[in-house]
Amino acid sequence: MTKRKTWTQKLLAAPRYLQHIHGRLRNEMKELGRLSALLDIMEQGRLDTFFQPILQLGNGRTMGHEVLNRPPHSAQFPTTEHFYEFAGRTDQMFRFEHYCRRISLSRYMERLPDAESGTDRLVFINVHPGVLNDSRHKSGETLSLLQELNLSPERVVFELTERQAVQDYVGFEKVLSHYREQGFRIAVDDAGSGYNSLKTLVYLKPEFIKLDKFLIRGIHSNREQQELLELISEYASRSATRVIAEGIETEEELLYLQMASIEFGQGYALGRPGYLPEPGAFPSDSPQVSAGGGCKHVSSDR
């Protein structure tokens, strides 16, 4: 009787087990499809490259551009975020980062208007922290590429995103020191979005802090965001770090950041990503304020 009951239970469980196996196979097939699509994008050079200007908020001058590489829309990668999330957890990450760095810098120089060729504007390129510390990385590789392109390393900023967390801060700081000795500068992206970003600021001492767009969104009417901005600004001032506010989309946000003496800004209100690295501009009817106003709370509404 006991054996019959055991076999009955096994038979009843079989459909659930088969369903589980089917689900795993389906997920693995999806992953293989995404991997195939990633390899095809690299091999066929199918990433699109755009450049978004970064402006000095005191005078409207363009100080540099962030390079944005975007995949073609597909069923495997419905959004850019899906694409980079997948690429970051594959064993192709090192190869992909190497590819992105080369096309970012090469396309920047190829598309730079002749009138801009003699400027000292900066180029911000997104870099996965793990790649800089990868044993497969060959020292001097990026410098050789820059020599080919006639681009000075002093104009290149490695932008590290907070989502790609650093584990060994002490060891990684030594790696960054090596790049700094060559002339490169470091920016920390998404600052203000979490505990890890604050830890990154303390240990890595970046030349630039890029404030998370969610901190900037509606900041002119949110006191809590304004207070956090003030704290980060004070820290940046004391540590000789320069602040870039990302995601500026309205004139109200721009005006508040100018009043708060934030040095640089980036966002649709200043210039959308474009095929060419062209200068950005303030909105034509945007009121201007003189720099040095300091942070001022304008509202406590949420």
For P273 against L68, the heavy-atom pair lying closest together: CG-CD1, 3.7 Å
Residues in side chain to side chain donor-acceptor pair (under 3.5 Å) contact with Q56, at least two apart in sequence or another chain: N59
Point-to-point distance, once rounded to the nearest 0.5 Å, from CD1 of I54 to OG1 of T62: 9.5 Å
S106 and L145, any side-chain heavy atoms less than 4.5 Å apart: yes
R89 CZ: over 12 foreign heavy atoms closer than 6.0 Å: yes
Steps toward side chain to side chain contact (heavy atoms under 4.5 Å, CB included) verdict (I209, D189): CA-CA 7 Å; I209 296 173; D189 195 13; over 6 Å; no
Considering all heavy atoms, the nearest F282-L57 contact: CZ-O, 3.5 Å
R107 versus T49, side-chain donor and acceptor atoms under 3.5 Å: yes
Polar side-chain atom of Q92 near backbone of A87 as donor-acceptor pair, under 3.5 Å: no
Over all atoms of both residues, closest heavy-atom pair of P53 and P279: CB-C, 4.3 Å
Contacts of type ring pair (Phe, Tyr, Trp, His ring centres under 6.0 Å), residue F86, not counting sequence neighbours: F77
Expected output: side-chain R70 to main-chain T80 donor-acceptor under 3.5 Å: no
All side-chain contact (heavy atoms from CB on, under 4.5 Å) counterparts of Q44, not counting sequence neighbours: D40, R46
Same cluster (ILVMFWY, side-chain, under 4.5 Å), I219 and L55: yes
Residues S177 and E173: side-chain donor-acceptor under 3.5 angstrom: yes
Distance in Å, E207 CD paired with R185 CZ, rounded so as to fall on 0.5 Å steps: 7.0 Å
Single-linkage hydrophobic cluster I248~L211, side-chain heavy atoms < 4.5 angstrom: yes
Residues which pass ring pair (Phe, Tyr, Trp, His ring centres under 6.0 Å) with Y99, listed by chain and number, not counting sequence neighbours: none
Set of residues satisfying side-chain contact (heavy atoms from CB on, under 4.5 Å) with respect to V156, sequence neighbours excluded: L105, I125, L146, L151, F158, F184
Charged tip of K210 within 45° of F264 ring normal and under 6.0 Å: no
Side-chain ion pair, E246 and K213, N-O less than 4.0 Å: no
All side-chain contact (heavy atoms from CB on, under 4.5 Å) counterparts of D48, not counting sequence neighbours: F50
Nearest non-hydrogen partners of L143 and Q182, listed with the distance: CD1-CD, 3.6 Å
From I262, L229, T250, residue fulfilling side-chain contact (heavy atoms from CB on, under 4.5 Å) relative to Y256: L229
Atom of Y108, atom of P277 and distance for their closest heavy-atom approach: CE1-CB, 3.7 Å
Atom pair OG1 (T241) and NZ (K205), whose distance is rounded to the nearest 0.5 Å: 9.5 Å
ring-ring contact (aromatic ring centres under 6.0 Å, His included) assessment of F96 paired with Y84: CA-CA 10 Å; F96 176 72; Y84 280 99; 5.8 Å; yes
R155 (side chain) donor-acceptor with R121 (main chain) under 3.5 angstrom: yes
Side chain to side chain contact (heavy atoms under 4.5 Å, CB included) between V157 and F208, worked out: CA-CA 9 Å; V157 182; F208 296 94; 4.1 Å; yes
Under-4.0 Å salt bridge between R217 and E249: yes
N/O donor-acceptor pair under 3.5 Å between S152 side chain and E154 backbone: yes
Which atom of G218 lies closest to which atom of E253, heavy atoms considered: N-OE2, 2.9 Å
salt_bridge(E97, R101) N-O dist < 4.0 Å: no
NE2 on H65 to CG on L112, rounded to 0.5 Å: 8.0 Å
